[in-house]
Amino acid sequence: MLGTVRRFGVSQALRATAPRSVSARFATQLPKWQAPSALSSLAATRSLHSSFPRLSAATAEAIVEETESTKPAMITEFSDLASDNLIHNTIIKNIIQPDRMNLKTMTEVQSLTLHEIVKGDDILAQAKTGTGKTLAFLVPTLQNILNDPTVDVSKVGRRSARPRTGPSEIRALIISPTRELAEQIAVEARKVAFGTGLVVQTAVGGTQKRAGLAKIQQEGCHLLIGTPGRLKDILSDPWTGVSAPKLNTLILDEADRLLDQGFAPDVEEIQGMLPDPTKVDRQTLMFSATVPREVMQMVRQTLKPNFTHVNTVREDEVPTHVRVPQKLIYTRGLENNLPALLELAQNWQARRDNGEELRPFKAIAYFNSTAETKVSADAFNAIARSSEFRQSSMRNMRMLEINSRLSQALRTRSADNFRKAREGILFSSDVTARGMDFPDVTHVIQVGVPRDRETYIHRLGRTARAGKEGEGWLFMHPAEQDVYRKRLGRLPLKVDTVLESANADLSQTFSNDTPVGKIVNQINEGLAQCDGATKVKSYMGQLGTATGNFNSKREAIQALNQMFTVGYNMPTLPELSPRLMQQMGLNRLDGVSAGDGSRQRRDGGFSRGGDRGGFSRGGDRGFSRGGDRGGFSRGGDRGERGGFSRGGDRDGFSRGGDRGERGGFSRGGDRGDRSSRPPRRSFDDDSFRF
DNA sequence: AAAAAAC
């Protein structure tokens with residue numbers, strides 16, 4: 001049952017026990033077995049495991065037997081935390097009272113980290129998704145703030161309404177990789193801290209900076225939770241008055257994510273704004289379900305040399321839950337993804353209609369690009385508006401969308417609505433992949449191979465939380481198989497063939513007589529109501545991932561082209577500029593529609609297509625839906641007509657004649673005003689408006 | 001051109 005607790009540099013730790021102010025402060029409150037002299041006995045590696053996160057009485061006994069000679073039983077009930085004066089009564093009450101958080105038994109990661117954190121140790125804690133990591137760091141951290149003699153939680157003002165604290169009283173800082181996760185942690189923290197006088201604040205992007213600042217300035221702050229950008233912004237600006245000179249604890253939630261390429265510089269910068277750890281002693285806590293080998297070096301650099309590694313996931317074990325069936329669906333083409341998704345939902349609903357005792361269908365569908373997320377959500381929303389759908393037993397399913405290109409207000413609304421929803425589908429990018437706790441998610445469906453193994457594991461972890469059931473599905477094109485094996489490694493996925501529409505040839509016309517035909521036609525109607533420009537964005541968005549995911553770029557383009565023409569029912573392929581093609585290492589033999597990009601600009605997104613200027617159209621390209629097309633061999637034709645050299649001669653893409661014909665459209669790179677591109681496009685930008 | 005994250 002117990003995970004591994006490894007101490008690093010134990011001899012060092014023994015030598016250094018006395019001077020550390022944090023541990024000294026709590027020495028009297030620690031149970032005897034936790035006294036420094038017992039450290040060496042804790043160094044033993046324990047290796048009992050279970051997939052069930054809660055400690056049962058039986059296993060607790062086993063632990064006692066195993067370790068009785070060295071120390072008493074580990075605390076497994078929240079109520080027992082009162083006995084040693086370890087945790088404040090108010091906090092315990094908040095946790096266990098039925099009208100509050102209503103929790104009883106601690107999870108493994110919670111009971112294994114609590115003492116270490118209260119003691120002031122640096123910790124790396126690894127535990128499976130949905131096993132209560134958030135509470136594991138919140139409870140002891142809030143307790144540590146309460147224990148700090150320099151913290152004043154008494155109130156001032158009329159009716160003692162205002163805590164006696166200020167914006168520079170921050171004792172603990174939690175960094176989260178996404179805004180929604182930061183907010184979620186804050187909600188949890190406020191529940192734990194209720195009635196203690198401790199003040200919890202957030203600092204995330206997409207919100208009004210001034211309002212957030214004013215709140216911190218007026219109410220003060222003991223625990224600040226935020227995302228890297230806004231934290232940097234606030235902490236670096238001396239005018240805000242928000243600072244952390246007395247910081248005791250720094251917490252990196254989803255630590256491996258925060259230490260990877262994308263976030264590490266920001267996190268380091270934030271650390272640079274905090275007091276010098278050699279002058280003000282500070283504890284650093286890292287939590288995640290995954291800690292890939294590559295980031296372990298970063299972990300060691302960031303933590304003290306004598307940090308404790310609490311690992312409840314065995315080294316040779318996949319950090320997913322054994323109770324979660326994981327199914328792999330091979331799709332005939334990328335255009336089969338949405339029909340397969342609809343079929344999955346309908347199958348489940350049909351079984352419920354037949355009286356099977358199944359929970360309401362509450363699924364998250366993950367996509368690898370934001371624009372694909374949007375097309376899919378739009379299509380399903382259109383389907384949900386149809387009278388057929390509204391008269392079916394599916395009518396209560398909510399179709400929701402969330403990704404970073406939506407305004408923060410819409411993101412928050414989607415997340416809240418999905419949290420509350422009894423049944424529905426959340427069409428999501430990886431914003432929700434980590435840490436988000438949507439109750440009762442029954443299905444996690446990953447459309448396309450995710451960017452890495454960790455992403456797969458965290459996405460899957462949105463289901464089967466807190467001991468509940470759930471299932472995972474991965475929709476994959478056969479040409480993604482190589483990268484699937486290489487990138488995801490060993491995972492307990494089983495090939496499944498129940499979804500008929502995953503394998504249907506969608507270039508045919510279907511009648512509504514068959515279940516598959518009905519599904520395909522529903523999807524077609526849904527997609528018909530989507531904006532063409534959005535479909536172009538989706539194609540472009542998937543271009544990046546698909547060319548990296550497929551066995552070859554050629555196969556990726558072919559699959560995308562077919563998805564675009566057959567699935568999206570679009571007449572003309574999006575044109576790729578020579579510059580983009582060069583960047584992606586594509587040539588026209590790969591089957592792309594090569595252009596200089598001017599058409600998309602001129603048309604404002606290419607939605608109508610068809611008969612524009614006779615440019616880059618094969619005669620039969622139009623609306624015919626031959627499955628054998630996929631835009632292949634067109635590139636060559638065009639090349640010939642234009643009289644350009646073919647075959648790997650990328651320089652041949654400067655197509656002076658063509659440009660001249662179309663009225664001397666100057667190319668992007670040449671124009672001074674385009675040289676400084678906006679750092680990031682959003683759905684609100686012209687460049688990315690759908 | 002591919003998640004996320006500050007104005």
Side-chain angles (χ1 to χ4, degrees), chain A residues 175-183 203-213 226-237 239-240 253-254 256-270 364 366-374 402-406 408 411 427-436 446-452 454-456 458-459 480 483 487 536-550 553 556-557 560 574-586 590 592 597 600 668 677-682 684-685 687-688:
Chain A
I175 310 180
S176 148
T178 66
R179 299 164 181 175
E180 285 78 10
L181 182 56
E183 298 289 359
V204 300
T207 57
Q208 284 187 16
K209 186 183 161 189
R210 273 181 58 185
L213 266 177
T227 43
R230 184 56 66 86
L231 285 175
K232 252 169 57 181
D233 190 11
I234 288 189
L235 291 170
S236 64
D237 183 355
W239 289 96
T240 65
D253 196 14
E254 307 297 345
D256 57 326
R257 177 72 189 88
L258 290 173
L259 293 176
D260 84 8
Q261 274 258 296
F263 275 121
D266 281 354
V267 173
E268 270 173 49
E269 229 178 296
I270 292 169
I364 307 180
Y366 282 105
F367 299 86
N368 289 329
S369 88
T370 51
E372 191 189 2
T373 305
K374 179 159 185 62
I402 190 165
N403 64 59
S404 70
R405 295 231 163 102
L406 294 174
Q408 189 53 43
R411 281 171 60 166
F427 294 81
S428 180
S429 68
D430 282 323
V431 251
T432 67
R434 282 173 177 260
M436 292 306 294
Q446 311 200 29
V447 179
V449 174
R451 52 184 32 77
D452 50 44
E454 287 68 43
T455 302
Y456 175 89
H458 286 277
R459 285 168 164 188
E480 289 183 285
V483 84
R487 201 183 283 171
V536 172
K537 300 298 175 198
S538 177
Y539 176 99
M540 301 300 275
Q542 288 177 71
L543 203 60
T545 44
T547 49
N549 278 6
F550 280 59
K553 286 175 182 159
I557 303 290
L560 272 176
E575 256 177 35
L576 271 54
S577 70
R579 190 167 153 251
L580 176 63
M581 286 181 63
Q582 194 182 3
Q583 272 176 5
M584 298 187 66
L586 292 170
D590 289 322
V592 294
Q600 271 97 327
R677 318 196 73 168
R680 180 177 168 76
R681 295 172 317 180
S682 93
D684 303 329
D685 289 347
S687 60
F688 215 94

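In the text below, chain A, chain B and the rest are named by the order of the sequence lines, each starting its count at 1.
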Taking atom [atom2] of [N] as reference, at what distance in whole Å does atom [atom1] of [X] sit?
X: I175(A); N: dA6(B); atom1: CD1; atom2: P; answer: 11 Å
X: E180(A); N: dA4(B); atom1: CD; atom2: P; answer: 10 Å
X: Y366(A); N: dA3(B); atom1: OH; atom2: P; answer: 15 Å
X: Q208(A); N: dA6(B); atom1: CD; atom2: P; answer: 16 Å
X: K209(A); N: dA5(B); atom1: NZ; atom2: C1'; answer: 15 Å
X: Q408(A); N: dA6(B); atom1: CD; atom2: P; answer: 9 Å
X: L586(A); N: dA2(B); atom1: CG; atom2: C1'; answer: 13 Å
X: K553(A); N: dA2(B); atom1: NZ; atom2: P; answer: 16 Å

Are side-chain N/O atoms of [X] and [Y] paired as donor and acceptor at under 3.5 Å?
X: N549(A); Y: R487(A); result: yes
X: D237(A); Y: T240(A); result: no
X: Q208(A); Y: Q408(A); result: no

* **Which nucleotide in dA4(B), dA1(B), dA3(B) has an atom nearest any side-chain atom of M584(A)** => dA1(B)
Need one value for [X]: base, sugar-phosphate or nothing, where a base atom within 4.0 Å counts as base even if backbone is also close, heavy atoms only.
X: L580(A); result: base
X: Q542(A); result: nothing
X: R411(A); result: sugar-phosphate
X: N368(A); result: sugar-phosphate
X: R451(A); result: base
X: G206(A); result: sugar-phosphate

* To do: Can you see which heavy atom on R179(A) is nearest to which on T227(A), and at what distance?
  =>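 Closest pair (atom of R179(A), atom of T227(A), distance): N-CG2, 3.4 Å.
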* Interatomic distance, R459(A) atom CZ to T432(A) atom OG1 [nearest 0.5 angstrom] ->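 Going from the CZ atom of R459(A) to the OG1 atom of T432(A) covers 8.5 Å.
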May I ask you to evaluate whether [X] reaches the phosphate of [N], defined as a side-chain N or O under 4.0 Å from OP1 or OP2?
X: S429(A); N: dA4(B); value: yes
X: T227(A); N: dA6(B); value: yes
X: T178(A); N: dA5(B); value: no

* **Polar side-chain contact R257(A)-dA3(B) base: donor and acceptor under 3.5 Å** =>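 Answer is yes: a donor-acceptor pair is held.
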